[in-house]
Amino acid sequence: MKEQLEAIRKSAIEELEKAAALQDLDSVRIRFLGKKGELTAILKQMGRLTAEERPVIGQLANEIRADLEDRISEKVDAIKERMLEEKLREEKIDVTLPSGRVPLGHKHPLSIVLDEVKDIFFGMGFNVASGPEVEWDYYNFEALNIPKNHPARDTQDTFYITENMLLRTQTSPCQIRVMEKQAPPIRVIAPGRVYRSDAVDATHSPIFHQIEGLVVDKGITMADLKGCLEDFAKSLYGEDTKIRLRPHHFPFTEPSCEIDVSCFNCGGKGCPMCKGEGWIEILGGGMVHPKVLKNCGVDPDVYSGFAFGIGLERLVMFRFNIDDMRLLYENDVRFLNQF
Ligand code: DAH
C-alpha cells in the first residue's frame with residue numbers, strides 16, 4: 001500500500017508539471033484528492049491493514065495529501081502571476097506614440113474684435129457690465145427718455161413679448177441698470193446681443209451686437225467723450241486715425257453726435273470701402289441726458305456723463321473686409337477658418 005501511495009504522489013506530480021491552466025489544476029485535484037479520487041480510494045482499503053500498519057499508512061497518506069495540496073496551491077499562484085504579466089504586457093500603452101490629432105477651433109471674428117475692443121477700454125479703466133436680453137419696456141425705452149408713442153420707437157422695430165416686455169433693441173438699457181446699482185464714478189462698457197424685427201440682408205440681421213459705453217462723474221464734458229473715443233479709434237485702427245463728430249439726435253443724450261473715423265483703407269482720400277467719403281461712421285454717442293440721470297437717481301446738477309454705442313458687426317466687417325453680414329452667423333468653417 002505504501003508503494004501504491006508513492007506511485008500516486010509520483011503521477012500526481014507529473015500531471016502537475018504538465019498543467020498549464022487553472023482548469024488543469026482543478027482536474028488534478030479532483031483526480032487524486034477528490035471524494036472519488038485515487039488517494040481516497042486507497043484509504044478506503046485501510047480496513048485490510050493490521051493495527052500496526054494502519055497509523056503508518058494513515059500518516060503517509062496525510063503527508064502525501066498535504067504535499068500535493070501545497071504543490072497545487074504553489075502552481076495556482078504561479079499560473080495567476082503569469083496571467084497577470086501577460087495581461088499587463090498586452091495592455092501596455094506606448095505614451096511616446098504620436099496622438100490622433102484633435103482639430104482645434106479658434107475665436108470667431110466677432111469675438112476677436114470684441115476682445116480687442118474690451119482690451120482697449122480695460123486699458124482706460126473701464127469695467128464690463130451686462131443686462132438681460134429679455135428686457136422691460138421701462139429699461140429699453142421709457143427710462144432712456146423714449147416714452148410710449150415717441151417716434152424714436154419706430155426706428156427700432158421691436159420684438160415685443162408682452163406690452164411691457166421685449167427683446168432689447170439696444171444695449172443702452174444697461175446704462176440704466178448700472179446707474180441704478182452703482183453710484184458715480186462709473187466707467188463701464190456693456191457688450192451684448194440685441195434684437196430688431198429686421199429682414200435679413202447683407203447689412204441687416206434681426207440679431208446683432210452692440211457695445212454700450214457709459215462714463216458718469218463730476219465734471220465730465222464733451223471733451224472727455226471726444227478724447228476717450230479718439231484714443232479708442234487710434235488704438236483700434238492706428239495712430240494716424242482721426243475722428244470727426246457730426247451732430248445727431250438720440251433721445252437719451254443731449255447733445256448727441258455720430259462719430260466717424262478717417263477711412264483706415266485709404267487714410268481719408270476716398271476709396272470703395274468708404275464709398276469715396278474718406279470717413280466711416282462707427283458709433284453714436286453724446287452727453288447723458290439730464291432726464292436719464294434723474295430717472296436713475298443721479299443728480300444732474302452734481303454729475304454729468306457721456307455715453308456711446310458701437311455696432312460690433314460694422315467694426316468686424318470693416319476690419320476684415322467682409323461684405324456680407326450673413327457670413328458672420330452661418331458658421332461655415334470654410335469662412336471662419338480664414339480669421
Ligand atoms: N442705442 C443706440 C442705437 O441702438 C446707439 C447709441 C447712441 C447708444 C448714442 C448710446 C448713445 O449710448 O449715446 O442706435
Side-chain angles (χ1 to χ4, degrees), residues 117 121 126-133 135-147 150-159 166-180 186-198 203-217 220-230 232-233 243-261 280-293 295-296 298 300 303-315 325:
V117 171
F121 282 108
F126 282 68
N127 286 322
V128 170
S130 64
E133 289 171 26
E135 187 54 285
W136 298 109
D137 182 285
Y138 174 77
Y139 288 97
N140 195 80
F141 291 129
E142 205 80 33
L144 287 163
N145 198 28
I146 315 174
H150 192 285
R153 289 205 180 196
D154 294 344
T155 62
Q156 304 193 356
D157 300 310
T158 308
F159 289 114
L166 44 89
L167 296 181
R168 67 178 179 191
T169 59
Q170 47 186 353
T171 45
S172 304
C174 296
Q175 292 185 30
I176 308 299
R177 289 182 174 276
V178 169
M179 283 191 279
E180 277 185 353
I186 291 169
R187 224 186 287 177
V188 293
I189 53 166
R193 220 172 268 157
V194 299
Y195 302 81
R196 291 191 198 176
S197 176
D198 276 329
T203 53
H204 291 87
S205 159
I207 305 175
F208 58 102
H209 299 78
Q210 292 186 334
I211 304 158
E212 196 74 17
L214 176 68
V215 172
V216 184
D217 203 348
I220 297 289
T221 70
M222 199 84 181
D224 296 306
L225 174 147
K226 195 178 172 199
C228 172
L229 294 175
E230 190 169 81
F232 166 68
I243 65 165
R244 128 182 132 170
L245 276 61
R246 277 179 293 104
H248 199 77
H249 172 262
F250 297 106
F252 36 88
T253 43
E254 179 58 35
S256 307
C257 59
E258 277 190 328
I259 297 172
D260 301 336
V261 293
I280 291 170
E281 184 232 314
I282 59 160
L283 56 92
M287 300 306 291
V288 182
H289 198 294
K291 274 194 188 170
V292 174
L293 293 175
N295 286 340
C296 306
V298 177
Y303 293 104
S304 55
F306 68 83
F308 56 89
I310 308 172
L312 180 58
E313 276 75 0
R314 268 179 77 79
L315 289 191
M325 195 162 159

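Both counts, for ligands and for their atoms, begin at 1 and track the order of listing. Sequential numbering from 1 along the given sequence is applied to the chain's residues.
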Taking atom CZ of R246 as the centre, report whether more than 12 heavy atoms of other residues, nucleotides or ligands fall under 6.0 Å from it. yes

Check each heavy atom of F252 against ligand 1 and say whether those closer than 4.0 Å belong to the side chain, the backbone, both or neither. side chain

Given F252 and F308, is the ring-ring contact (aromatic ring centres under 6.0 Å, His included) satisfied, shown in steps? CA-CA 10 Å; F252 36 88; F308 56 89; over 10 Å; no

Under a 4.0 angstrom heavy-atom cut-off, which atoms of ligand 1 come close to Q175? 12 (O)

Ligand 1 atoms nearer than 4.0 angstrom to some heavy atom of G286 are 13 (O)

Top protein contact for atom 5 (C) of ligand 1, by heavy-atom distance: G309 CA, 4.1 Å

Apply salt bridge (charged side-chain N to carboxylate O under 4.0 Å, His left out) to the pair D157 and R196, showing each step before the final yes or no. CA-CA 5 Å; D157 300 310; R196 291 191 198 176; over 6 Å; no

If only side-chain N and O atoms count, and only distance matters, is there a donor-acceptor pair under 3.5 Å linking E180 with Y139? yes

Ligand 1-proximal atoms of A307, by part, heavy-atom distance under 4.0 Å: both

Atom pair CG (L166) and CD (E135), whose distance is rounded to the nearest 0.5 Å: 7.5 Å

Nearest-neighbour protein heavy atom for atom 12 (O) of ligand 1, which is reported as residue plus atom name and distance: E212 OE2, 2.6 Å

G285: numbered ligand 1 atoms lying under 4.0 Å from its heavy atoms: 9 (C), 11 (C), 13 (O)

Verify the distance criterion only: is there a donor paired with an acceptor across the side chains of E212 and Q175 at less than 3.5 Å? yes

Starting from atom 2 (C) of ligand 1, which protein heavy atom do you reach first, and at what distance in Å? Q170 OE1, 3.6 Å

To the nearest 0.5 Å, what is the distance between CG on L225 and OG on S304? 11.5 Å

Need the ligand 1 atom indices (1-based, order shown) with element for anything under 4.0 Å from a heavy-atom of Q210. 3 (C), 4 (O)

Donor-acceptor side-chain pairing of T169 and N140 below 3.5 angstrom: yes

Considering only heavy atoms of S172, which atoms of ligand 1 have at least one such atom less than 4.0 Å away? 1 (N), 8 (C)

For ligand 1, the portion of R196 having any non-hydrogen atom under 4.0 Å away: side chain

Below 4.0 angstrom from a heavy atom of T253, which ligand 1 atoms are there? Numbered from 1 as shown, please. 13 (O)

